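Data first, discussion second: the structure below is written as structure tokens.
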Amino acid sequence: PRYGKNEPHHGMPPGHLPVRSYLAVPVKLPEGEVSGGLFLAHPEPGVFTERAERLAQSIAAQAAVAMVNARLFQASHAQEVKLKEIAAEREKLLDSERAARTQAERLSHLKDEFLATLSHELRTPLNAIQGWATLLRHKGNSEKELDRGLEVIERNVRAQAQIVNDLLDMS
């Protein structure tokens with residue numbers, strides 16, 4: 001009875017197809033949220049029956065299931081993308097950790113080589129100093145042997161001092 005009396009068109013807008021029968025069914029998601037509607041129209045009156053309404057409701061229910069499935073698919077795809085990003089980040093971190101471990105092992109090896117060389121360089125002058133000091137303790141050394149021994153001790157003390165100074169400069 002109200003048809004054709006409502007503003008702004010008082011019925012159908014100009015140029016619109018004629019509608020005399022109309023069936024609207026909500027598309028409800030399982031949680032009860034109305035996500036849209038299924039709207040059917042026909043130019044003849046009385047076309048839509050109870051059977052047509054049940055069919056439309058069935059189609060709307062299937063549309064709701066399809067919408068839920070599409071949302072789930074999008075969510076699972078987004079989750080998959082995120083998991084791939086996390087896996088890639090994890091792989092980068094593992095590569096970084098491997099590189100850091102390799103570098104640490106290389107530096108440790110270099111440190112060990114340096115300490116072995118340093119130990120050798122420090123012992124060499126000490127051995128000469130110790131040897132000549134022991135020889136000079138014995139009585140009966142000639143003046144020439146005494147001068148030579150003191151010269152070797154002094155030269156090795158200077159070498160030892162230079163090694164220590166170099167170490168201090170390096171540190």
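Computed from a predicted model, the values in this text were never measured in an experiment. Start at 1 with the first residue, then count along the sequence.
Ala52 approaches Leu23 most closely through the heavy-atom pair O-CD2, 3.9 Å. Across Val27 and Ala60, no two heavy atoms sit closer than the pair CG1-O, 3.6 Å. When every heavy atom of Pro125 is checked against every heavy atom of Ile163, the shortest pair comes out as CG-CD1, 4.4 Å. Counting all heavy atoms, side chain and backbone alike, Gly149 lies closest to Trp132 at CA-CE3, 3.1 Å. Closest approach of Tyr22 and Phe39 over heavy atoms only: OH-CD2, 3.1 Å. Across all their heavy atoms, Ala56 and Val25 have their closest contact at CB-CG2, 3.6 Å.
Between the side chain of Thr134 and the backbone N or O of Gln130, at least one donor-acceptor pair lies under 3.5 Å. Of the possible polar contacts, one joining the Thr117 side chain to the Glu113 backbone as a donor-acceptor pair under 3.5 Å is found. When atom types are taken as modelled, the side chain of Thr124 and the backbone of His120 share a donor-acceptor pair closer than 3.5 angstrom.
Cluster annotation: Val157 and Leu126 are assigned to distinct hydrophobic clusters (Ile/Leu/Val/Met/Phe/Trp/Tyr, side-chain heavy-atom contacts under 4.5 Å, transitive). Grouping the Ile, Leu, Val, Met, Phe, Trp and Tyr side chains by contacts below 4.5 angstrom, directly or via other members, places Val164 apart from Met170.
The CG atom of Leu135 lies 10.0 Å from the CZ atom of Arg148; values are rounded to the nearest 0.5 Å. One finds the CD atom of Gln57 at 10.0 Å from the CG atom of Leu38 (value rounded to the nearest 0.5 Å). Once rounded to the nearest 0.5 Å, the distance linking CZ of Phe114 with CG of Leu167 reads 5.0 Å. Distance CD1/Ile86 to CD/Gln79: 8.0 Å, rounded to 0.5 Å. To the nearest 0.5 Å, the span separating CD on Glu154 from CD1 on Ile129 amounts to 10.5 Å. Going from atom CG of Leu150 over to atom CG of Leu146 covers 5.0 Å, rounded to the nearest 0.5 Å.
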Please step through salt bridge (charged side-chain N to carboxylate O under 4.0 Å, His left out) for the pair Arg98 and Asp95, ending with a clear verdict. CA-CA 5 Å; Arg98 284 185 204 112; Asp95 288 345; 2.7 Å; yes

side-chain contact (heavy atoms from CB on, under 4.5 Å), that's the test. Do Asp147 and Glu143 meet it? Break it down for me. CA-CA 6 Å; Asp147 284 342; Glu143 191 71 28; 4.2 Å; yes

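Inter-residue side-chain proximity for Arg106 and Gln103 is flagged as met; some heavy-atom pair is nearer than 4.5 Å. Between Asn141 and Leu136 the shortest side-chain heavy-atom distance falls below 4.5 Å. The closest side-chain heavy-atom distance from His77 to Gln74 is not below 4.5 Å. Side chains of Ser35 and Arg71 form a contact here, defined as non-hydrogen atoms less than 4.5 Å apart.
Considering Arg90, Glu89, Glu91, Glu97 as possible partners of Leu93, the one that fulfils the side chain to side chain contact (heavy atoms under 4.5 Å, CB included) test is Glu89.
Residues Asn156 and Gln160 have side chains that never bring a donor and an acceptor to within less than 3.5 angstrom of each other.
Here Glu105 does not pair with Arg101 in a salt bridge; the nearest charged N to carboxylate O distance is not below 4.0 Å.
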